[in-house]
Amino acid sequence: MKIQVLTLFPEMFEGFESQSIIKRALAKGVASFEAIQIRDFTKDRYGRTDTPSIGGGAGLIQKAQPIVDAIEEAKRRAPGSRVLLMSPRGKRFAQEDAVRLSKEAGAILVCGHYEGVDERVSSFVDEEVSMGDFVLTGGEIPSMAIADSVIRLLDGAIANESLGEESFNEPLLEYPQWTEPYEYRGMKVPDILYSGNHEAIRLWRRREQLRITRERRPDLFERLPLTKEDRKLLEELDGLREAKWEKAALEKGRRFLHKEED
């Protein structure tokens, strides 16, 4: 997959390409990435890509011509690519969008800057996207976030097992996780994780996902199609049902640990 970012500040992406998972994915040929300078396409005699807004207003607006010509060149380099404009009035980008985009032949991410872009640019993009209800100086940071979210989903970028357990693969936050030591500053790892009972650990983690999502992201929780198992786990959280599986796993785990100590 080829990802091209159209920007006035391509130097901002030098670190993005040379770090961590993205660096390894690009080196393995899982994806290719290119930051294209919009200014290279301007026909303005002074090399400008922006101008005051017609009708007045604060700040400068990016001209249509350099951006549209850059889009057309990017599409020539990677036919079939989907064009996204970073825009505060766009649809909020979510995990399902990253999954959808990862299946495209390529992606062209257009970075707005200053006070916005000429309205006519919208006719040359497939969709407008936003990171959320806040204002940034330009579209470079959102485009990095989108490129990262897409590249890591491509085959060979990271282990499939890691992808399967992440937040937002369904409308649930990820379960909490710990490392050694068992106790740190008075805080202990839950004993169930030492039980050796994989089914009990799975149920406990699922229950924790339900708990955390309901508490912190009720908007996501409302979208979750609850299974019969989920409803039972929620009843346990609410004190309406005893978690017999958890009690049994803990008791068996303790007997096993005591036997090992002997």
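- Judged purely by distance below 3.5 Å, without hydrogens or angles, the side chains of Thr49 and Gln62 never pair a donor atom with an acceptor atom.
- The minimum heavy-atom distance between Thr42 and Arg39, with the atom names listed, is CG2-O, 3.1 Å.
- Atom OG of Ser32 sits about 9.5 Å away from atom CE of Met1, to the nearest 0.5 Å.
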* side chain to side chain contact (heavy atoms under 4.5 Å, CB included) between Ile146 and Met131: does it pass, once the steps are laid out? -> CA-CA 9 Å; Ile146 290 174; Met131 287 291 102; 3.7 Å; yes
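- Salt-bridge formation is detected for the pair Asp50/Arg48: a Lys NZ or Arg NE/NH1/NH2 atom is positioned less than 4.0 Å from an Asp or Glu carboxylate oxygen.
- Below 30°, between 30° and 60°, or above 60°: for Tyr182 and Tyr194 the angle between ring planes is above 60°, a perpendicular geometry.
- A salt bridge between Arg89 and Glu128 is present, with a side-chain N of the basic residue lying under 4.0 Å from a carboxylate O of the acidic one.
- One finds the OG1 atom of Thr7 at 10.5 Å from the CD1 atom of Ile36 (value rounded to the nearest 0.5 Å).
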* Which is it for Leu224 and Thr213 under the side chain to side chain contact (heavy atoms under 4.5 Å, CB included) test, yes or no, and what are the steps along the way? -> CA-CA 10 Å; Leu224 179 67; Thr213 306; over 6 Å; no
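- Dense packing is recorded around CD1 of Ile212, with more than 12 heavy atoms of other residues, nucleotides or ligands lying under 6.0 Å away.
- Using a 4.0 Å cut-off between charged side-chain N and carboxylate O, Glu208 and Arg205 make no salt bridge.
- Linking Ile, Leu, Val, Met, Phe, Trp and Tyr whenever their side-chain heavy atoms come within less than 4.5 Å puts Met144 and Leu101 in one cluster.
- A donor-acceptor pair under 3.5 Å links the side-chain atoms of Asp126 to the main chain of Val83, judged by distance alone.
- Clustering ILVMFWY residues whenever any of their side-chain heavy atoms sit less than 4.5 angstrom apart, transitively, puts Leu136 in the very cluster that holds Leu109.
- Both Val129 and Phe16 belong to a single network of hydrophobic side chains, linked directly or stepwise wherever heavy atoms of I, L, V, M, F, W or Y lie under 4.5 Å apart.
- Distance alone, capped at 3.5 Å, is enough to place a donor-acceptor pair between the Gln65 side chain and the Phe41 backbone.
- Asn197 CG to Glu246 CD: the interatomic distance, rounded to the nearest 0.5 Å, is 11.0 Å.
- Between Ala157 and Ala25, the closest heavy-atom pair is CB-CB, 4.2 Å.
- Here the shortest heavy-atom pairing between Val189 and Pro181 reads CG2-O, 4.0 Å.
- The two residues Met86 and Pro142 have their closest heavy-atom pair at SD-CB, 3.9 Å.
- Atom CZ of Arg120 sits in a sparse spot, with 12 or fewer heavy atoms from other residues, nucleotides or ligands closer than 6.0 Å.
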* To do: Would you sort out whether Cys111 and Phe9 count as a side chain to side chain contact (heavy atoms under 4.5 Å, CB included), showing the intermediate values?
  => CA-CA 9 Å; Cys111 300; Phe9 304 97; over 6 Å; no
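- Glu229 and Arg206 are not joined by a salt bridge, as no carboxylate oxygen comes within less than 4.0 angstrom of a charged side-chain nitrogen.
- Taking the charged nitrogens against the carboxylate oxygens, Asp97 and Arg92 have no contact shorter than 4.0 Å, which rules out a salt bridge.
- A salt bridge links Glu215 and Arg211; the closest N-O separation between the charged side-chain nitrogens and carboxylate oxygens is under 4.0 Å.
- A distance of 8.0 Å separates CH2 in Trp204 from CZ in Arg207, rounded to the nearest 0.5 Å.
- Smallest separation of non-hydrogen atoms from Leu26 and Ala31: CD2-O, 3.3 Å.
- Nearest heavy-atom pair, Ile71 versus Ile108, reported as atom, atom and distance to 0.1 Å: O-CD1, 4.2 Å.
- Linking Ile, Leu, Val, Met, Phe, Trp and Tyr residues whenever their side-chain heavy atoms come within less than 4.5 Å leaves Leu240 and Leu210 in two separate clusters.
- Remark: Arg214 engages Asp238 in a salt bridge, criterion side-chain N to carboxylate O under 4.0 Å.
- Taken from CD1 in Ile67 to CD in Glu72, the straight-line distance is 12.5 Å, to the nearest 0.5 Å.
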* To do: Output, in order, the C-alpha distance, side-chain angles, deciding distance and verdict of side chain to side chain contact (heavy atoms under 4.5 Å, CB included) for Ile3 and Ile151.
  => CA-CA 9 Å; Ile3 297 178; Ile151 290 174; 3.6 Å; yes
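- At most 12 non-hydrogen atoms from other residues, nucleotides or ligands lie less than 6.0 angstrom from CZ of Arg216.
- Atom NZ of Lys103 sits in a sparse spot, with 12 or fewer heavy atoms from other residues, nucleotides or ligands closer than 6.0 Å.
- A donor-acceptor pair under 3.5 Å links the side-chain atoms of Lys28 to the main chain of Gly156, judged by distance alone.
- Here the side chain of Ser20 pairs no donor or acceptor atom with the backbone of Ile22 at under 3.5 angstrom.
- Salt-bridge check for Lys232 with Glu236: failed, with every basic side-chain N at 4.0 Å or more from each acidic carboxylate O.
- Looking at Ser195, its side chain never comes within 3.5 Å of a backbone N or O of Asp191 through a donor-acceptor pair.
- Checked options Thr51, Asp44, Asp118; the residue passing with Lys63 is Asp44 (criterion: side-chain hydrogen bond (donor to acceptor under 3.5 Å, both in side chains)).
- By the criterion of side-chain heavy atoms lying less than 4.5 angstrom apart, applied directly or through intervening Ile, Leu, Val, Met, Phe, Trp or Tyr residues, Phe13 is grouped together with Leu84 in one hydrophobic cluster.
- Here the side chain of Glu104 pairs no donor or acceptor atom with the backbone of Gly106 at under 3.5 angstrom.
- Other residues, nucleotides and ligands place more than 12 heavy atoms under 6.0 Å from the NZ atom of Lys2.
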* **Chi angles and distances behind the salt bridge (Lys or Arg N to Asp or Glu O under 4.0 Å) call for Arg77, Glu73** => CA-CA 6 Å; Arg77 297 181 188 181; Glu73 171 60 20; 2.9 Å; yes
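- The pair Lys23-Glu17 fails the salt-bridge criterion, with no side-chain N (NZ, NE, NH1 or NH2) lying under 4.0 Å from an Asp/Glu carboxylate O.
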